[in-house]
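Heads up: the structure comes next, in structure tokens.
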Amino acid sequence: MNYDKDAPRAKKSLGQNFLQDKNIARKIVDLLQAGPQDNVLEIGPGPGMLTGFLQECGPAKLVLVEKDNHWARVRQDDERNGIRPQVILADALTIPWERFEGSWKIIGNLPYNVASPLMWDILSMVPGLVRAVFMVQKEVGQRLAAEQGSSAYGALSVWVQSFSRPRMEFIVPPQVFRPAPKVHSAVLSFEPLPPDARPANPDGLSKLLKICFQQRRKQLGTIFRAAGLDANGLEQAGISAELRPERLSSAQFQKLASCVFN
């Protein structure tokens with residue numbers, strides 16, 4: 001990708017760090033496994049490093065969500081391989097993801113400051129999600145893929161793993177971006193879980209996770225008392241009140257949420 005010398009600089013307010021390495025961009029796009037039968041959505045295309053490789057895949061539909069007016073206009077006019085993208089000028093955090101019906105593959109180099117809430121919504125709300133690939137801050141990536149009981153395991157880990165199987169694919173160094181961030185990035189792929197493996201009570205699960213992981217160092221019995229929750233829910237779910245939140249699997253949290261918020 002050759003950058004337009006007259007293009008505006010990356011905007012710190014939008015968390016923009018533009019990928020410059022073509023080989024890494026191709027690796028990221030290859031992970032999405034997009035083809036002519038797929039509807040593809042990219043979040044924050046910017047100068048179009050990923051977009052160009054997505055167009056080479058020849059998807060049935062290519063939708064771009066871009067908050068920056070300049071890059072939205074540029075991408076709207078950028079037709080390659082016979083693929084002209086549909087550009088939505090919007091903040092991805094405001095998109096009604098539940099309305100994306102049909103099958104979708106979603107990709108993006110996500111701004112660090114909005115990556116967690118975006119993935120929280122996308123992975124749980126897009127009804128026809130087939131596959132997702134996101135580049136995020138390395139520490140966020142470690143939380144997404146964290147195993148039960150580890151120090152990185154938290155509310156985001158449990159929530160995302162209740163709807164998908166995240167896989168840490170590779171680490172990206174700062175110097176391949178413009179401007180270079182101060183931290184490394186991580187690329188992860190996500191395979192959605194089948195409907196019958198997802199939470200029966202997602203609203204209850206979300207509420208429970210926020211309560212529990214705000215006091216992750218305390219025992220569940222103490223957390224429940226402080227939050228005014230019925231401790232009988234722990235017994236019904238077969239979970240010891242002496243355990244701390246990071247010791248519970250995503251399946252245990254789902255069961256507990258159904259018992260407490262039935």
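Values in this document were obtained by computation on a predicted structure and should not be read as measured data.
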Under the 3.5 angstrom rule, does the side chain of [X] hit a backbone N or O of [Y] as a donor-acceptor pair?
X: Asn39; Y: Ser103; value: yes
X: Tyr112; Y: Pro181; value: no
X: Asp38; Y: Gly35; value: yes
X: Arg244; Y: Arg217; value: yes
X: Arg131; Y: Leu31; value: yes
X: Asn201; Y: Phe261; value: yes
X: Asp68; Y: His70; value: yes
X: Glu66; Y: Gly46; value: yes
X: Thr222; Y: Lys218; value: no
X: Ser157; Y: Arg143; value: yes

Check whether any side-chain heavy atom of [X] sits under 4.5 Å from a side-chain heavy atom of [Y], and report yes or no.
X: Leu243; Y: Gln219; value: no
X: His184; Y: Val172; value: no
X: Trp71; Y: Pro45; value: no
X: Ile88; Y: Leu64; value: no
X: Lys138; Y: Val183; value: no
X: Pro192; Y: Arg198; value: yes

| Applying the side-chain contact (heavy atoms from CB on, under 4.5 Å) test to Trp104, which of Val40, Val63, Val130 qualifies? |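 The residue from Val40, Val63, Val130 that satisfies side-chain contact (heavy atoms from CB on, under 4.5 Å) with Trp104 turns out to be Val63.
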Charged N to carboxylate O under 4.0 angstrom, [X] versus [Y]?
X: Glu42; Y: Lys105; value: no
X: Arg75; Y: Asp78; value: yes
X: Arg99; Y: Glu101; value: no

Nearest atoms (heavy-atom pairs only) where [X] meets [Y]:
X: Val160; Y: Pro166; answer: CG1-CG, 4.3 Å
X: Phe53; Y: Arg26; answer: CE2-NH2, 3.0 Å
X: Pro245; Y: Cys212; answer: CG-O, 3.4 Å
X: Ile122; Y: Leu129; answer: O-CD2, 4.3 Å
X: Gln76; Y: Arg84; answer: O-NH1, 3.0 Å
X: Leu50; Y: Asn109; answer: CD1-N, 4.2 Å

| message | Cys57 vs Val29, test: side chain to side chain contact (heavy atoms under 4.5 Å, CB included). Steps then yes/no. | response | CA-CA 9 Å; Cys57 296; Val29 171; 3.9 Å; yes
| task | Compute whether any side-chain donor of one residue and acceptor of the other, for Gln161 and Ser250, lie under 3.5 angstrom apart. | result |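 Side chains of Gln161 and Ser250: no pair found under 3.5 Å.
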| request: For the residue pair Ser162 and Gln254, confirm or rule out a side-chain donor-acceptor distance under 3.5 Å. | output: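 Present: a donor and an acceptor within the cut-off.
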Roughly how far, to the nearest 0.5 Å, is the [atom2] atom of [Y] from the [atom1] atom of [X]?
X: Leu144; Y: Glu139; atom1: CG; atom2: CD; result: 12.0 Å
X: Lys22; Y: Met49; atom1: NZ; atom2: CE; result: 7.0 Å
X: Leu209; Y: Leu156; atom1: CG; atom2: CG; result: 10.0 Å
X: Met119; Y: Ser164; atom1: CE; atom2: OG; result: 9.5 Å

| said: If you count heavy atoms of other groups shown closer than 6.0 angstrom to CD of Glu56, is the number above 12? | reply: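 Correct, the count exceeds 12.
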| said: Counting only heavy atoms from other residues, nucleotides and ligands, does the tally under 6.0 Å from CD of Glu98 exceed 12? | reply: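 Counting other residues, nucleotides and ligands, CD of Glu98 exceeds 12 neighbours.
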| Are Leu19 and Val176 close enough, and set up right, to give a side chain to side chain contact (heavy atoms under 4.5 Å, CB included), and what steps lead you there? | CA-CA 6 Å; Leu19 180 64; Val176 299; 3.8 Å; yes
Determine whether [X] and [Y] fall in the same hydrophobic cluster, where Ile, Leu, Val, Met, Phe, Trp and Tyr are linked whenever their side-chain heavy atoms lie under 4.5 Å apart.
X: Phe213; Y: Leu229; value: yes
X: Trp97; Y: Leu193; value: no
X: Leu110; Y: Leu89; value: no

| message | As a quick check of understanding, evaluate ring pair (Phe, Tyr, Trp, His ring centres under 6.0 Å) for Phe163 and Trp120, giving each step before the final call. | response | CA-CA 10 Å; Phe163 293 92; Trp120 184 285; 8.7 Å; no
| task | Evaluate the criterion side chain to side chain contact (heavy atoms under 4.5 Å, CB included) for residue pair Phe134 and Ile107; output intermediate values, then yes/no. | result | CA-CA 6 Å; Phe134 296 127; Ile107 192 169; 5.8 Å; no
| request: With ring pair (Phe, Tyr, Trp, His ring centres under 6.0 Å) as the test, would you mind laying out the steps for Phe18 and Phe177 before giving the verdict? | output: CA-CA 5 Å; Phe18 299 138; Phe177 294 92; 9.6 Å; no
| task | List the steps and the verdict of side chain to side chain contact (heavy atoms under 4.5 Å, CB included) for Phe224 and Asp230. | result | CA-CA 7 Å; Phe224 268 50; Asp230 187 354; over 6 Å; no
| field | Residue from Glu169, Arg167, Gln33, Arg165 passing side-chain hydrogen bond (donor to acceptor under 3.5 Å, both in side chains) with Ser189 | value |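 Running side-chain hydrogen bond (donor to acceptor under 3.5 Å, both in side chains) over Glu169, Arg167, Gln33, Arg165 with Ser189 returns exactly one hit, Glu169.
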